[in-house]
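Everything on this sheet refers to the single structure shown next.
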Amino acid sequence: MTIPSTLTARRAPALSGVVRAPGDKSISHRALILGAMATGVTEIDGLLEGDDILATARAVEAFGAGVERLGPGRWRVTGHGGFRQPAGVIDCGNAGTGVRLLMGAAAGYPITVTFDGDASLRKRPMKRVTGPLAEMGARFEWLGEEDRLPVRMTGGVLSAIDYRQTVASAQVKSAILLAGLNADGVVTVAEPEPSRDHTERMLRAFGAEVGVLPDGAGWRVTVKGGQSLEAAPVSVPGDPSSAAFPLAAGLIVPGSQVTVEGVMLNPLRTGLFETWREMGADLTVSNRRMAGGEEVGDVTARHSALKGVAVPPERAASMIDEYPILAATAAFAEGATVMRGVGEMRVKESDRIALMAAGLHACGVTVDEEPEGFTVTGGSVRGGATVTTHGDHRIAMSHLVLGLAAADPVAVDEPGMIATSFPGFVALMRGLGADIASA
């Protein structure tokens, strides 16, 4: 299939329909990795089949696990109780979560592994993970620029660590906990604010003991070394980060009503929904139920008159990936939406603060950029721009949603990267009535 060089979104009539959220990206990564570390057969239902997850599937297979695709979203991982020496380089593509969690998982085994990724992933900092893993006893050799992929890691005997994060990061926490399964002693990670807890939940489902205690505004998570994992079935709930895009379109396109079924409602992942409600969004949840140890529900968004708000910085950990689409909806709100304490956005797949500010500005939106945040002042959105995405899927999807309610069309370059997290995005949006087409 030919990948278009650009995609263009045009002002849409009222959007309507019921769609299903793609499988959660975070849980999909963890299901594959824990399944590969465990002993036995892990059946996974609802796995996200985006490029990032497929890279992790190839990686765990290279580490010795059996990996089979049984059907759409249905996968089987046969684990042999640990990782084995891979034959070649572990190429994680664009998957920042994948590479950082795989480093942690692999650190506890006596193997030497070279991790690499695509051009975007090679720009992302790795010392936030390699630092604590090195303190535990893993050895790292930078094969190019320091703090950047590619890097060669030698794992083996690990010591326990009591690690205090200055910025809450589920990726760092998860890498340390996965390494801690094979450490000597009790590994502790303290967070200033709680970050997403999918690793803790899934470790328990795979038979591990995980402790969580309050620690100021955050918590301390502990795992005892020497624990083995046993295979367990995983039902992957819908990804709230992906559901955000059709829901945002429902909020900003006049006359719209959009429902996304099966969305994960973990309170550490729903900061965007909370923020939208503070802005006056007509956002409702029905049919709450449990799936894969997580609460899910069907979320409906109706066109709403939004007002700008100041987003509490402490909410960042629960919505760090959703600030681009929040900024796009804020462009249509009355007044200023202030987003601070989000410097982490600058070291994602791109500098998301800079790219969102540049894209919105090109579309006629007033944006004030700061080192650790930005402010979007809403009103009428002109559009009429081609936005540079630097291959960042969330920047691309956010501006395409913006284009559905802007006066003039909005185009994005490098749309092929959308497949890293949401391979069916364009088809799903068109099914709701959106006008999104290739050049």
Side-chain angles (χ1 to χ4, degrees), residues 25-26 28-37 47-69 75 77-134 136-158 171-172 174-176 178-179 181-182 347-350 390-393 414 416-417 419-421:
K25 191 176 177 184
S26 296
S28 293
H29 279 301
R30 287 162 173 79
L32 291 168
I33 293 170
L34 268 65
M37 297 176 73
L47 188 84
L48 173 66
E49 294 180 340
D51 292 347
D52 283 5
I53 303 303
L54 298 180
T56 295
R58 290 190 294 270
V60 298
E61 188 172 36
F63 280 122
V67 179
E68 304 170 77
R69 183 180 187 269
W75 290 65
V77 179
T78 303
H80 304 289
F83 283 10
R84 301 173 181 173
Q85 177 66 45
V89 172
I90 299 298
D91 184 350
C92 294
N94 189 244
T97 299
V99 70
R100 291 176 177 135
L101 268 59
L102 285 165
M103 284 182 184
Y109 303 107
I111 56 179
T112 297
V113 189
T114 298
F115 291 97
D116 204 354
D118 65 10
S120 174
L121 192 57
R122 281 187 168 197
K123 296 176 183 177
R124 300 180 68 179
M126 292 294 146
K127 277 192 172 180
R128 57 183 57 192
V129 168
T130 65
L133 294 179
M136 296 175 75
R139 300 194 306 276
F140 294 89
E141 178 187 356
W142 303 105
L143 302 180
E145 182 183 353
E146 188 171 343
D147 195 24
R148 300 291 189 269
L149 297 178
V151 64
R152 182 181 296 124
M153 183 188 79
T154 300
V157 179
L158 301 180
Q171 292 181 0
V172 176
S174 298
I176 297 170
L178 295 178
L181 292 172
N182 291 307
V347 292
K348 288 290 188 176
E349 283 85 334
S350 67
H390 287 198
D392 189 314
H393 51 118
E414 300 185 68
M417 292 304 289
T420 62
S421 67

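Below, all heavy atoms of this structure are taken into account, side chains as well, without hydrogens, waters or symmetry copies.
Taking every heavy atom of both residues into account, Val60 and Ala57 meet most closely at CG2-O, 3.3 Å. In this structure, Ser421 and Lys25 approach most closely via the heavy-atom pair CB-NZ, 3.9 Å. Between Met37 and Ala105, the shortest heavy-atom distance links the atoms SD-CB, 3.7 Å. Looking at every heavy atom in both residues, Gly117 comes nearest to Leu149 through N-CD1, 3.9 Å. Considering all non-hydrogen atoms of both residues, Thr56 and Gly98 come closest at OG1-CA, 3.7 Å. Across all non-hydrogen atoms, the minimal contact from Ser174 to Arg30 is OG-NH2, 3.2 Å.
With sequence neighbours left out, the side-chain contact (heavy atoms from CB on, under 4.5 Å) criterion links Pro110 to no other residue. Partners of Phe140 under the ring pair (Phe, Tyr, Trp, His ring centres under 6.0 Å) rule, at least two apart in sequence or in another chain, do not exist in this structure. For Ala106, the side-chain contact (heavy atoms from CB on, under 4.5 Å) test picks out Phe63, Phe83, Ile111, Phe115, Met153, with sequence neighbours left out.
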Can Asp51 and Asn94 be said to form a side chain to side chain contact (heavy atoms under 4.5 Å, CB included), step by step?
CA-CA 8 Å; Asp51 292 347; Asn94 189 244; over 6 Å; no
Checking side chain to side chain contact (heavy atoms under 4.5 Å, CB included) for the pair Leu158/Leu133: CA distance, chi angles, key distance, verdict?
CA-CA 9 Å; Leu158 301 180; Leu133 294 179; 5.9 Å; no
Show your working on side chain to side chain contact (heavy atoms under 4.5 Å, CB included) between Val99 and Val129 and close with a plain yes or no.
CA-CA 10 Å; Val99 70; Val129 168; over 6 Å; no
Criterion side chain to side chain contact (heavy atoms under 4.5 Å, CB included) on Met126 and Val151, from CA distance to verdict:
CA-CA 9 Å; Met126 292 294 146; Val151 64; 5.7 Å; no
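Applying the salt bridge (Lys or Arg N to Asp or Glu O under 4.0 Å) rule to pairs touching residues 102-126 yields Asp116-Arg122, Arg124-Glu349, sequence neighbours excluded. Residue pairs meeting the salt bridge (Lys or Arg N to Asp or Glu O under 4.0 Å) criterion with at least one member in residues 83-106: none, sequence neighbours excluded. For the salt bridge (Lys or Arg N to Asp or Glu O under 4.0 Å) condition, the pairs that include at least one residue of residues 142-157, sequence neighbours left out, are Lys127-Glu146, Glu141-Arg152.
A distance of 8.5 Å separates NE2 of His393 from OG of Ser350, quoted to the nearest 0.5 Å. How far NZ of Lys348 is from CG of Asp392: 10.0 Å, rounded to the nearest 0.5 Å.
The shortest distance between side-chain heavy atoms of Cys92 and Leu121 falls below 4.5 Å.
Side-chain polar atoms of His29 and Thr97 form no donor-acceptor pair below 3.5 angstrom.
At least one donor-acceptor pair closer than 3.5 Å links the side chain of Ser28 to the backbone N or O of Leu48. Looking only at distances, no side-chain donor or acceptor of Glu49 sits under 3.5 Å from a matching main-chain atom of Leu54.
Counting heavy atoms of neighbouring residues, nucleotides and ligands inside a 6.0 Å radius, atom CZ of Arg139 does not exceed 12 of them.
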